[in-house]
Amino acid sequence: MFDFQLEYKAHKTEHTAYIPFHATNLPTTMKTFSKAVFIMLALAASASASSIASKSDEEPASSTSSKSSKKPTRKPTGSRSSSSSKSTKKPTRKPTGRRPTSECVDDDSPRPVRNGVRYRFKLQKSNAQCVDTRDNLYEYGQFDKIREFSDCADACVEDVHPHLLDFFRGYDWDCKNQKCRCLYDKGTLDSRNSARFDRTNRVERGRGPIEGTTKKDSYYCARLSGTEFLDAETVETE
């Protein structure tokens, strides 16, 4: 324990004495002040600890709250749109420029009539040109823009010079290019009887009836199978 040195005077005489601390009774105010200081320090320490604990509790809660309130976003994939467009897309076909045989030949036995005479034709072969017994092609007079197989028969009978029908053997029709070729014996065509055609070819050597064919894509060979005279009543109905 610490000792306090007290000096006092008595009867004009100085006396010095050492009084132990534990033997001295301190005033009441001194004790009260010490207690007050101690209590204030204790309260301040407690308040500081409580504040620190409160902050540590609030920070995680705030962080968790902000994270939970944020909505996740999804990046569009576009896979459904792509799949839908593929499924609705229709395949395309490239046109070939050729018609099926059934469409090219509207009537395989046309029978046009001129001046009371019926001319009977028969389809000899598809994708082929007509030839004679020696496989020779025939000279021809050509009409352009003939749309149907039977129209070619009409043109070769009704739209030509009458003299040509005596040497007429049949016709070749080009379905793809819509060309009609009326076929004649060699030496039949000349400048006087062929003016009605769009084109003529007089170099071929075919003669006599059509007896065969030679392969030619898009062509249809029609043979003149016969003629017949019609009576007046039949001609009127035709």
Side-chain angles (χ1 to χ4, degrees), residues 94-230 235-236 238:
K94 185 176 181 181
T96 61
R98 297 181 59 186
R99 294 188 294 172
T101 303
S102 59
E103 293 184 8
C104 284
V105 179
D106 59 328
D107 181 2
D108 63 358
S109 301
R111 299 187 301 170
V113 175
R114 180 173 179 176
N115 296 332
V117 179
R118 174 181 287 154
Y119 294 80
R120 294 182 285 106
F121 295 93
K122 183 68 176 177
L123 175 64
Q124 185 80 359
K125 194 171 183 180
S126 301
N127 294 311
Q129 288 181 285
C130 303
V131 295
D132 64 5
T133 55
R134 297 183 178 182
D135 294 332
N136 293 319
L137 295 172
Y138 294 87
E139 64 180 33
Y140 62 83
Q142 177 176 300
F143 292 106
D144 297 335
K145 299 180 181 180
I146 303 299
R147 299 178 60 87
E148 300 291 348
F149 181 77
S150 63
D151 291 341
C152 188
D154 294 340
C156 289
V157 170
E158 300 172 9
D159 298 338
V160 300
H161 191 284
H163 172 69
L164 295 179
L165 293 175
D166 295 335
F167 307 95
F168 178 47
R169 298 303 180 182
Y171 63 88
D172 287 328
W173 183 60
D174 182 356
C175 177
K176 180 179 179 180
N177 298 304
Q178 299 182 354
K179 295 178 180 181
C180 173
R181 295 177 176 179
C182 307
L183 307 179
Y184 304 98
D185 289 341
K186 179 177 176 56
T188 302
L189 296 175
D190 56 35
S191 58
R192 294 174 297 176
N193 58 24
S194 58
R196 300 181 185 182
F197 296 111
D198 295 308
R199 178 189 174 190
T200 60
N201 182 333
R202 292 182 286 178
V203 301
E204 303 298 344
R205 298 181 296 173
R207 287 180 179 273
I210 294 171
E211 298 292 343
T213 60
T214 183
K215 182 176 177 56
K216 181 75 171 179
D217 289 342
S218 186
Y219 276 77
Y220 294 82
C221 169
R223 176 174 57 88
L224 178 63
S225 58
T227 59
E228 57 183 338
F229 290 93
L230 305 175
V235 172
E236 290 180 1
E238 291 287 340

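What you see is a predicted model; the values in this text were computed from it and never measured.
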Hits for side-chain contact (heavy atoms from CB on, under 4.5 Å) against R134, two or more places apart or cross-chain, chain-then-number order -> D132, N136

**Request:** On the 0 to 90° scale, with breaks at 30° and 60°, tag the F121-F168 ring pair as parallel, tilted or perpendicular.
**Result:** perpendicular

Open item on the list: For a salt bridge (Lys or Arg N to Asp or Glu O under 4.0 Å) check, start with the C-alpha distance between D198 and R196, then their side-chain angles and the critical distance, and finish with the verdict.
Closed with: CA-CA 7 Å; D198 295 308; R196 300 181 185 182; over 6 Å; no

Is it the case that the side chain of D172 and the backbone of D174 share a donor-acceptor pair, with hydrogens and angles ignored and the cut-off at 3.5 Å? no

Margin query: Show, in sequence, the C-alpha distance, side-chain angles and deciding distance for R118 and E228, and conclude whether the salt bridge (Lys or Arg N to Asp or Glu O under 4.0 Å) test is met.
Written below: CA-CA 5 Å; R118 174 181 287 154; E228 57 183 338; 3.1 Å; yes

If we ignore hydrogens and angles and just use 3.5 Å, is the side chain of S150 paired with the main-chain N or O of D107 as donor and acceptor? no

Minimal heavy-atom distance between Y138 and V131, with the atoms involved, is CE1-C, 3.6 Å

For residues V160 and F143, determine if any side-chain heavy atom of one lies less than 4.5 Å from a side-chain heavy atom of the other. yes

query = Heavy atoms, side chains only, cut-off 4.5 Å: are C175 and E103 in contact?
reply = no

- request: Please indicate whether K186 has more than 12 foreign heavy atoms, meaning atoms of other residues, nucleotides or ligands, lying under 6.0 Å from its NZ.
  value: yes

Here the pair of heavy atoms bringing R114 nearest to P162 is NH2-CG, 3.5 Å

All heavy atoms of G141 vs all of F197, minimum pair found to be C-CD2, 3.3 Å

Please examine the side chains of L189 and L164, heavy atoms only from C-beta on, and report whether any two atoms are closer than 4.5 Å.
yes

Only one of P112, P110, C152 passes side chain to side chain contact (heavy atoms under 4.5 Å, CB included) with V157, and that residue is P112

query: Hey, what do you get for C130 versus C221: SG atoms under 2.5 Å apart or not?
result: yes

Value for OG1 (T213) from OH (Y220), rounded to nearest 0.5 Å, stands at 13.0 Å

Output for pair (R181 CZ, E139 CD), nearest 0.5 Å, gives 13.0 Å

Across all chains, not counting sequence neighbours, the side chain to side chain donor-acceptor pair (under 3.5 Å) partners of R169 are D185

Interatomic distance, NZ@K215 vs CD@Q129, rounded to 0.5 Å, equals 11.5 Å

### Message
Is the shortest side-chain heavy-atom distance between T214 and L137 below 4.5 Å?
### Response
yes

Q: With the side chain counted from C-beta on, respond yes when K179 and D144 share a heavy-atom pair under 4.5 Å apart, and no when they do not.
A: yes

Interatomic distance, NE2@H161 vs CG@D166, rounded to 0.5 Å, equals 11.0 Å

d(L224 CG, I210 CD1) to nearest 0.5 Å is 8.0 Å

### Query
Relative to the ring of W173, is the ring of F149 parallel (under 30°), tilted (30 to 60°) or perpendicular (over 60°)?
perpendicular

Quiz item: Taking C-beta and beyond as the side chain, do Y140 and R199 meet within less than 4.5 Å on heavy atoms?
Solution: yes

With sequence neighbours left out, the residues meeting side-chain contact (heavy atoms from CB on, under 4.5 Å) with D190 are R192, N193, R202

CG (D151) and CG (D106) are apart, to the nearest 0.5 Å, by 6.5 Å

Nearest heavy-atom approach of T200 to S194 is CG2-CB, 3.7 Å

ask   = Is there a disulfide (SG to SG under 2.5 Å) between C182 and C156 once you walk through the steps?
value = CA-CA 6 Å; C182 307; C156 289; 2.0 Å; yes

